[in-house]
Number of protein chains: 2
Amino acid sequence: MQRPFVHPAVDDVSLESVLYALADPVRLEIIKRIAGGTCAMNCSTAAPADLPKSTQSHHFQVLREAGLIRSERRGTEVVSVLRCTELEKRFPGVIGSILKASDKAKKKI
Amino acid sequence: MQRPFVHPAVDDVSLESVLYALADPVRLEIIKRIAGGTCAMNCSTAAPADLPKSTQSHHFQVLREAGLIRSERRGTEVVSVLRCTELEKRFPGVIGSILKASDKAKKKI
DNA sequence: TCAGTAGTTCAATAAAACCGAACTATTGAT
DNA sequence: ATCAATAGTTCGGTTTTATTGAACTACTGA
């Protein structure tokens with residue numbers, strides 16, 4: 001049987017794990033897409049297309065266990081949402097400034 | 001001869017490398033000490049005391065190459081300062097909110 | 001010049017990431 | 001109900017990265 005998704009309580013989310021999760025270019029891109037889009041994304045849509053499925057799955061697991069996203073199965077696919085409100089409460093300004101900075105950095109290139 | 005310290009130009013500093021550098025508990029602690037203290041620290045003072053010298057040195061190298069600190073030899077020791085102004089300009093709010101969040105997280109425990 | 005202190009570099013080991021292949025879960029068609 | 005297709009997970013082996021003891025470099029002060 002497949003294990004159900006595990007989401008840490010917001011108070012158990014550590015700043016280090018959040019930063020670690022966002023430090024990877026692929027994962028930062030995923031978070032940007034989830035945050036910027038309809039606010040709910042399946043894995044294949046949110047991750048770069050050329051990335052192997054197992055690697056995609058690994059990255060979503062890291063984001064989930066870091067407390068950044070909440071995932072839920074909907075039919076054959078898994079939909080993930082950013083835990084923005086909770087995270088903003090726990091680490092004010094952190095996610096927002098990072099997302100803003102990543103946009104700006106992208107424009108520069 | 002020992003190589004001189006290399007510091008990236010502020011425009012070459014990537015958000016990912018900054019987040020990566022700060023994602024490690026030891027390095028985050030170092031940055032907090034450098035930021036909170038007299039604003040200039042040698043390695044032994046800024047790093048946890050029980051950490052092997054080679055590991056300390058490695059962590060300072062990561063912070064340096066990520067663009068977070070500027071290091072300079074002063075006699076036998078190396079003094080490092082946070083590149084706060086430059087970083088604030090490039091990634092507004094990022095370092096500040098992370099430092100603030102890390103203080104709060106510490107108090108909770 | 002010599003001893004002591006502060007940090008770096010090297011090389012070997014330990015830990016983590018990556019990805020192909022096999023597996024699970026769900027849906028929709030026959 | 002069964003079968004094929006889709007979406008994602010898990011496993012295991014390989015590659016990459018981190019850690020650290022030991023040797024080395026740089027500087028200071030006696």
Side-chain angles (χ1 to χ4, degrees), chain A residues 1-8 14 16-31 33-34 37-38 40-66 68-81, chain B residues 1-8 14 16-31 33-34 37-38 40-66 68-81:
Chain A
M1 197 183 74
Q2 225 152 199
R3 292 144 208 165
F5 296 130
V6 177
H7 301 97
S14 81
E16 282 90 343
S17 68
V18 166
L19 296 178
Y20 173 79
L22 294 175
D24 183 277
V26 170
R27 289 193 294 258
L28 184 58
E29 180 62 32
I30 291 173
I31 288 295
R33 291 192 197 180
I34 292 181
T38 56
M41 278 278 198
N42 67 350
C43 297
S44 315
T45 316
D50 54 332
L51 207 69
K53 285 195 303 173
S54 54
T55 309
Q56 286 181 17
S57 184
H58 164 70
H59 285 311
F60 274 88
Q61 189 183 7
V62 171
L63 290 169
R64 203 153 44 227
E65 292 179 349
L68 278 161
I69 60 174
R70 195 175 290 278
S71 304
E72 192 186 335
R73 179 170 276 275
R74 292 242 183 97
T76 71
E77 62 188 18
V78 174
V79 172
S80 300
V81 294
Chain B
M1 196 184 73
Q2 225 151 199
R3 292 145 207 166
F5 296 129
V6 177
H7 300 97
S14 80
E16 282 90 344
S17 69
V18 166
L19 297 179
Y20 173 79
L22 294 176
D24 182 278
V26 170
R27 290 193 292 260
L28 184 58
E29 180 62 32
I30 291 173
I31 288 296
R33 291 193 195 179
I34 292 179
T38 57
M41 281 278 199
N42 67 351
C43 296
S44 315
T45 316
D50 54 333
L51 208 69
K53 286 195 304 175
S54 54
T55 309
Q56 285 180 17
S57 184
H58 164 71
H59 284 311
F60 274 89
Q61 188 184 8
V62 171
L63 290 169
R64 203 154 44 229
E65 293 179 350
L68 279 161
I69 60 173
R70 196 174 288 280
S71 304
E72 193 185 333
R73 179 170 275 274
R74 293 241 183 100
T76 71
E77 61 186 19
V78 173
V79 172
S80 299
V81 294

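Everything numeric here is computed off the predicted structure, so don't read it as measured data.
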>> If you only use heavy atoms from C-beta on, which nucleotide in C/dG20, C/dG7, D/dC27 is closest to the side chain of B/Glu77?
In response: C/dG7
> Which comes earlier along DNA chain D counting from the 5' end, the contact point of B/Thr76 or that of B/Arg27, where each point is its nearest nucleotide?
Replying inline: B/Arg27
> B/His58 has a side chain; which of D/dT6, D/dC27, D/dT20 sits nearest to it?
Replying inline: D/dT20
> Which whole-number value in Å describes the distance from B/Leu51 CG to C/dA6 C1'?
Replying inline: 15 Å
> Taking CG from B/Asp24 and P from C/dA16, how many angstroms apart are they, rounded to a whole number?
Replying inline: 12 Å
> Separation of B/Gln61 atom CD from C/dC10 atom P, in whole Å?
Replying inline: 11 Å
>> Could you measure the distance from the CD atom of A/Glu65 to the NE2 atom of A/His7? Nearest 0.5 Å is fine.
In response: 10.0 Å
> How many angstroms lie between NE2 in A/His59 and CD in A/Glu29, if you round to the nearest 0.5 Å?
Replying inline: 12.0 Å
> Out of D/dC27, D/dC11, D/dA23, which nucleotide sits closest to the side chain of B/Lys53?
Replying inline: D/dA23
>> In this structure, how many angstroms lie between the P atom of C/dT27 and the CZ atom of A/Arg74, rounded?
In response: 12 Å
> Between B/Ile31 and B/Ile69, is any pair of side-chain heavy atoms under 4.5 Å apart?
Replying inline: yes
>> Please confirm whether the shortest side-chain N or O distance from A/Arg64 to OP1 or OP2 of D/dT9 is below 4.0 Å.
In response: yes
> Between D/dA7 atom C1' and A/Phe60 atom CZ, what is the distance in whole Å?
Replying inline: 12 Å
> Starting at CG of A/Asp50 and ending at P of C/dC19, how long is that distance when rounded to a whole Å?
Replying inline: 9 Å
>> Without decimals, in angstroms, what is the distance between A/Gln56 CD and D/dT10 P?
In response: 15 Å
> Choosing from D/dT20, C/dT5, C/dG20, which nucleotide comes nearest the side chain of A/Pro52?
Replying inline: C/dG20
> Between C/dC19, D/dT19, C/dT5, which nucleotide has the shortest distance from any of its atoms to the side chain of A/Ser54?
Replying inline: C/dC19
> Which residues satisfy the side chain to side chain contact (heavy atoms under 4.5 Å, CB included) test with A/Ser54, sequence neighbours excluded?
Replying inline: A/Pro52
>> Rounded to the nearest 0.5 Å, what separates atom CG in A/Asp24 from atom CG in B/Leu19?
In response: 10.5 Å
> Within this structure, what is the CD-to-C1' distance between A/Glu72 and C/dT26, rounded to whole angstrom?
Replying inline: 15 Å
> Between D/dA23, C/dA22, C/dC19, which one does the side chain of A/Thr55 approach most closely?
Replying inline: C/dC19
>> From C-beta outward on A/Ser57, which listed nucleotide comes closest to its side chain: D/dT19, C/dT9, D/dT9?
In response: D/dT9
